[in-house]
Amino acid sequence: MRVVLGVAGGIAAYKAASLLRLLREAGHAVRVVPTSSALRFVGAPTWEALSGEPVTADLFDDVENVAHVEVARTADLVVVAPATADLLARAASGRADDLLTATLLTATCPVLMAPAMHTQMWQHPATVANVATLRARGVHVLDPDDGRLTGTDSGPGRLPEPAAIVAAALALVAPGDLAGRRVVISAGGTQEPVDPVRFLGNRSTGRQGVALALAARDRGASVVLVAANVTVPVPDGIEVREVGTASQLREAMTIAAADADVVVMAAAVADFRPADPAGTKIKKTPSQAPPVIELVENPDVLAGLAAHRARPGQVVVGFAAETGDEHGSVLDHGRAKALRKGADLLVVNRVDDGRGFGTPDNEVTVLDAAGQVVAEATGSKDSVAHTVWDAVVALLRRS
Ligand code: CTP
């Protein structure tokens, strides 16, 4: 496939080099079309060396071949990353004052834009209106990530991860391998009330579950996310059902699983809950010993869903956050859990040494129901999510 990679003039222009590499590694020919300000961040020789194709920003180079018409006519996909506030404005108003904007006006293939800018620029009514105009015209404009920006500030405006941009872009041209599939994913961590102000909880933010939801959406699935106290933003196009406790999560998952092709339990579910949560705030009484909180066991949602499949051929996926200990390695514990839970796939997630919780990266091994390794992945939670879906798709094809 021929991809035009438009690069606008923002500091995130350097990240487009990773994007270019990912596209090339996936076997696509890439023509980079920077704006002249993008060339002040990353020069033409870099783009030429990485793409193996000539690079120009100007309409007046290569005039004899009418470059903007030629570049657009031969493209199967246009990706603009980063799309700055200025580029979005020029594209929305139909300007054609450089090769990139002229190409955007002549392209008939799918166009994806990945914005990156400061939060104030992204949230400015002018940018909001420009994005709405572009989306109404069928341009796919991604929401930027929320995170660290150029300076010390942070907020929405970060360029999404290159792997996520590639996945979203490729999903526009190829019907996703989850097209027509319904998936339900639990994410986050349950909170079990002790009294009206306190709860037993865990450190899960929901980031991996949200990454799974996003990857499934980009691969064409319709996605329900059962969100237990998720603290990261959930992208558009995902139906969210909020829950708090393990029993609420079980109920929501059971309802959503009834017509799902795939069920993924990425949430950290509390194994125990206070037997009798206090109706009023527990006070300390100086003359009395601290209260003893009696716990009862919560149902194992994953084992229940795996044992009572709502539909034949439904694929059930579990996660196992493990640390190695004197009884065995991370993988030993994972294998035992795979056999115990009855899921088709168990994604074993290393959580020792601060790995796993609230971090962008993850390190996982995917086991089948018999505990055999079917895949391994280390990297961003987005790329881990795609590894998990690759394994799911392989199972769906077999059933
Ligand atoms: N899980 C669940 N219901 C529970 C506990 C866990 O559905 N009450 C699911 C999790 O969503 C995850 C998988 O089971 O997909 C493994 O969770 P984990 O906490 O690693 O396993 P536990 O069964 O709780 O085992 P242990 O804590 O003893 O390691």
Side-chain angles (χ1 to χ4, degrees), residues 183-193 199-213 216 224-230 241 243-257 260 262-275 295-310 314-352 355-357 362-369 371 381 384-385 387-389 391-392:
V183 310
V184 50
I185 300 163
S186 70
T190 62
Q191 295 180 352
E192 310 296 328
F199 58 82
L200 294 183
N202 59 70
R203 294 174 58 200
S204 178
T205 59
R207 200 160 175 165
Q208 182 65 74
V210 169
L212 284 158
V224 172
L225 185 76
V226 173
N229 312 295
V230 166
R241 299 187 188 163
V243 296
T245 63
S247 41
Q248 290 167 356
L249 184 138
R250 179 166 76 149
E251 197 186 332
M253 285 301 286
T254 307
I255 292 169
V262 186
V263 176
V264 182
M265 278 294 299
V269 184
D271 289 329
F272 305 100
R273 66 176 186 277
L295 300 177
V296 289
E297 198 165 332
N298 273 328
D300 189 320
V301 183
L302 173 63
L305 291 166
H308 308 285
R309 313 267 170 146
Q314 185 179 64
V315 174
V316 176
V317 183
F319 270 71
E322 297 292 347
T323 59
D325 59 20
E326 69 277 14
H327 303 296
S329 67
V330 167
L331 218 51
D332 294 335
H333 288 302
R335 287 213 167 88
K337 204 169 275 180
L339 298 175
R340 212 166 61 228
K341 295 277 184 175
D344 302 294
L345 296 170
L346 190 76
V347 184
V348 183
N349 187 4
R350 282 193 91 100
V351 291
D352 43 6
R355 290 187 184 89
F357 289 107
N362 219 353
E363 191 177 323
V364 303
T365 304
V366 184
L367 304 179
D368 66 12
K381 288 185 174 171
V384 164
T387 304
V388 173
W389 289 119
V392 169

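In listed order, ligands and their atoms are each counted from 1. Numbers here simply count residues along the sequence, with the first being 1.
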*For Lys337 and ligand 1, answer yes if some heavy atom of the residue is under 4.0 Å from a ligand atom, otherwise no.*
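In this structure, Lys337 qualifies as a contact of ligand 1 - some heavy atom is under 4.0 Å.
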
*Among Met265, Glu297, His333, Arg273, which residue places a heavy atom closest to atom 15 (O) of ligand 1?*
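Considering heavy atoms of Met265, Glu297, His333, Arg273, the nearest to atom 15 (O) of ligand 1 sits in Met265.
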
_Heavy atom to atom 8 (N) of ligand 1, shortest distance: which of Gly318, Ala246, Pro299 holds it?_
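Closest candidate by heavy-atom distance is Pro299.
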
_Result of checking Asn202, Thr245, Val269 against Glu192 for side-chain contact (heavy atoms from CB on, under 4.5 Å)_ =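 In the set Asn202, Thr245, Val269, the residue that makes a side-chain contact (heavy atoms from CB on, under 4.5 Å) with Glu192 is Thr245.
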
*Picking from Val317, Val262, Val392, Val264, what satisfies side-chain contact (heavy atoms from CB on, under 4.5 Å) with Val183?*
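Of Val317, Val262, Val392, Val264, side-chain contact (heavy atoms from CB on, under 4.5 Å) with Val183 is met by Val262 alone.
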
Considering non-hydrogen atoms of the protein only, which is the closest contact for [atom], and what is the distance?
atom                    : answer
atom 13 (C) of ligand 1 : Phe319 O, 2.8 Å
atom 1 (N) of ligand 1  : Lys341 NZ, 3.9 Å
atom 3 (N) of ligand 1  : Val301 N, 3.0 Å
atom 5 (C) of ligand 1  : Asp271 OD1, 3.2 Å

*Take Lys341 and Asp300, measure what side chain to side chain contact (heavy atoms under 4.5 Å, CB included) needs, and give me the verdict at the end.*
CA-CA 9 Å; Lys341 295 277 184 175; Asp300 189 320; 2.6 Å; yes

*Over all atoms of both residues, closest heavy-atom pair of Ala246 and Ala270*: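 What the structure gives for the nearest pair is CB-O, 4.3 Å.
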
*Search all heavy atoms of Val351 against all heavy atoms of Ala321 and return the closest pair with its distance.*
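Result for this residue pair: CG1-CB, 3.7 Å.
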
*Is Asp325 close to His333 at the side-chain level, that is, under 4.5 Å between some pair of heavy atoms?*
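They are in contact (side-chain heavy atoms under 4.5 Å apart), so the answer is yes.
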
*Please check if the side chain of Asn229 supplies one atom and the backbone of Gly189 the other of a donor-acceptor pair under 3.5 Å.*
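Yes.
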
_Tell me whether Arg309 is salt-bridged to Asp344, with the criterion being a basic N under 4.0 Å from an acidic carboxylate O._
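Salt bridge flag = yes for Asp344 with Arg309.
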
*Using a 4.0 Å heavy-atom threshold (strictly under), name the region of Ala267 that reaches ligand 1: side chain, backbone, both or neither.*
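For Ala267, only backbone atoms sit under 4.0 Å from ligand 1.
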
_For Ala320, atoms of ligand 1 separated by under 4.0 Å from a heavy atom_ =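 So the answer, numbered in order with elements, is 20 (O).
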
_Close-contact set for ligand 1 against Leu302 heavy atoms, below 4.0 Å_ =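 So the atoms of ligand 1 that pass are 2 (C), 7 (O), 9 (C), 13 (C), 14 (O), 15 (O).
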
*asked:* What I want to know is whether Asn298 and ligand 1 share at least one N or O pair that is separated by under 3.5 angstrom.
replied: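 There is no such contact.
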
